[in-house]
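Below is one structure; the comments refer to it alone.
Letters go in sequence order (proteins before strands), and every chain restarts at 1. Note that the structure is predicted; figures quoted are calculated from it, not measured.
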Amino acid sequence: MPSETNPVDQQVNAPPRHTERQRPRKFASWHEHHWWSAGASLRRLMSRPLGTLLTVAVMGLALALPLAFYLLLGNVQKLGDALGQNQTVSAFLRTGQIGPAAELIATKLRDRSDVAAVAVKTPQQGLDELAKMQGFGGALHALDDNPLPFVLDVLPKPGLAANEVEQLVADLRAVQGVDLVQDSGTWRQRLDALLDVGKRAALVLAALLTLAALLVVGNTIRMDISSRSEEIDVLMLVGASRAFVRRPYLYAGIWYGLLSGLLAVLLAVVVELALAEPVSRLGAAYEGRLQIGGLPPWLLVAVPFAAAVLGWLGARLVSAWQLRKAA
Amino acid sequence: MIRFEQVSKRYEGGHEALSQLTFHVAPGEMAFVTGHSGAGKSTLLKLLGLIERPSHGLIALDGQSLAKIGRAGIPKLRRRIGMVFQDHRLLMDRTVYANVELPLVIGGIAPAERARRARAALEKVGLLAYERQLPASLSAGERQRVGIARAIVAKPALLIADEPTGNLDPQLAVEIMELFAEFQQFGTTVLIASHDLPLIKRMKKRVVVLDHGRLVADIAAQEVL
Ligand SMILES: Nc1ncnc2c1ncn2[C@@H]1O[C@H](COP(=O)(O)OP(=O)(O)O)[C@@H](O)[C@H]1O
Ligand SMILES: [Mg+2]
């Protein structure tokens with residue numbers, strides 16, 4: 001047994017003082033416990049690396065998928081825009097229309113705000129073009145008469161939406177003297193419609209996957225709390241508040257979220273890099289008109305941050321539920 | 001210090017664990033609560049720590065009625081009471097030092113002050129040399145002393161213990177009880193539940209005897225033979 005002459009010993013048993021001089025320290029100690037909890041929960045995560053890794057991997061994948069979709073859709077959109085940009089609409093005039101009439105129609109069309117340029121192709125030019133195509137030369141010379149009409153190649157203003165192009169095509173069809181309008185741009189409408197579906201699907205998917213990530217972190221924290229029910233009992237018995245008991249678990253949620261957010265960003269960047277090579281070839285094929293976008297930097301920062309909030313939320317919901325009876 | 005007035009406790013679906021219990025404990029007094037297994041000793045201590053609530057009657061601590069303490073006030077109440085358990089209830093994955101320090105962390109004491117007080121408490125129970133060890137490496141008696149150090153480290157006015165020597169051999173049990181008696185000498189009120197009559201007699205302190213939840217005898221210290 002220890003000696004009773006030690007003055008430090010007597011301190012322990014000095015008459016109890018309930019007049020606490022701890023008030024000014026209250027904030028400092030609160031602050032300190034936050035740091036302590038953050039550190040302790042991180043150490044706890046690191047002490048069982050496999051479990052932590054699995055949780056972070058599942059959460060990270062769930063968060064990476066929407067990012068990959070975002071990347072894919074954004075680029076398909078840009079590709080569509082680029083392809084649509086030099087899409088000319090060809091208006092075939094009735095055979096028998098003569099040059100001046102063709103020029104007149106072209107001039108009228110050039111006045112339209114949705115038209116960038118109109119090129120008039122004479123029947124002779126058409127024939128020459130055909131002749132240049134391999135194998136046609138001989139056959140064409142056999143014709144004594146040029147059967148080709150005047151053709152107006154109409155280039156819509158760049159940046160027109162698919163439905164605006166569609167309107168232009170409809171207007172062209174109604175022009176007097178126009179026989180046939182060949183619009184190879186209907187694919188673009190379909191693409192835009194498809195992209196709309198894709199965007200909506202990606203949004204729903206992102207919501208579902210975010211929910212999945214929330215459930216994963218919630219379940220991990222739930223198991224963590226139930227495996228530590230004895231410790232929690234002890235903490236409560238020696239006077240810990242519910243907030244005190246919860247704090248390390250909330251930080252664990254934050255850590256899980258942050259780590260999985262970083263993993264998701266990492267995976268998305270890997271996807272981006274994997275796509276970079278074929279995409280740049282595609283871009284080259286469009287003579288630089290195709291600007292392929294990556295993930296914006298703000299998103300790379302926002303995702304880990306948002307994931308941390310998600311982890312905190314999951315931990316908060318679960319811990320509130322699990323500790324509701326603890327007292 | 002402690003007032004029980006006509007306190008009854010009926011567990012849900014159970015019979016009455018305590019009935020119409022009235023007794024007082026003065027500040028600085030040390031008392032034993034004894035009786036057969038099932039007499040209601042643990043229940044009495046649980047009511048003091050608000051682990052259970054009474055079905056009837058009034059319990060007051062330092063003049064404050066426990067009935068007025070809501071759920072949110074429980075942690076604060078428990079910080080005023082040092083509790084010692086039969087099975088020590090230490091956190092086995094933390095060092096002896098961390099276990100003893102715990103109430104001070106919860107109480108928001110500054111680190112330097114914490115270290116000083118935790119070491120003083122460990123020294124008091126004679127285990128300062130073990131501060132870096134895990135509880136698993138200690139003997140049953142040593143663990144119980146760590147539990148006691150944890151109970152007194154925040155200088156509670158009241159120390160309650162439920163069968164603190166239940167797992168110990170007689171010699172160790174005496175040492176533990178003498179440790180409690182020492183704390184009483186420094187002004188702490190001590191209430192110990194135990195069914196070890198020979199040990200209780202030896203301590204020459206007040207004895208409250210329960211039987212089937214009723215108080216059947218209240219023997220003053222000087223009357224203990
Ligand atoms: N949580 C509980 N639920 C129902 N009955 C209980 C509970 N705890 C104790 N009891 C009953 O209350 C009575 C008193 O128990 P207890 O206070 O533990 O006695 P002691 O500590 O003196 O052995 C016993 O009959 C016991 O079965
Ligand atoms: Mg008992």
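- Within the 4.5 Å cutoff, the side chain of B/R150 has heavy atoms near those of the A/V234 side chain.
- Environment of CZ in A/R44: crowded, with over 12 heavy atoms of neighbouring residues, nucleotides or ligands closer than 6.0 Å.
- Panel note: side chain B/R78, backbone A/A240; no donor-acceptor pair is recorded below 3.5 Å.
- The nearest pair of heavy atoms linking B/P75 to A/S241 is CG-CA, 3.7 Å.
- The greatest number of non-hydrogen atom pairs below 4.5 Å with chain A, out of B/L91, B/L102, B/I106, is found for B/I106.
- Taking 4.5 Å as the limit, every side-chain heavy atom of B/R89 sits out of range of all side-chain heavy atoms of A/V238.
- Atom NZ of B/K204 has more than 12 heavy atoms from other residues, nucleotides or ligands within 6.0 Å.
- When all heavy atoms are compared, the tightest approach of A/R228 to B/D93 is NH1-OD2, 3.6 Å.
- Annotation for B/F85: atom CZ counts as buried by contact number, over 12 foreign heavy atoms lying within 6.0 Å.
- The environment of B/Y97 atom OH is dense: over 12 non-hydrogen atoms of other residues, nucleotides or ligands sit within 6.0 angstrom.
- Other residues, nucleotides and ligands contribute only 12 or fewer heavy atoms inside 6.0 Å of the CZ atom of A/F305.
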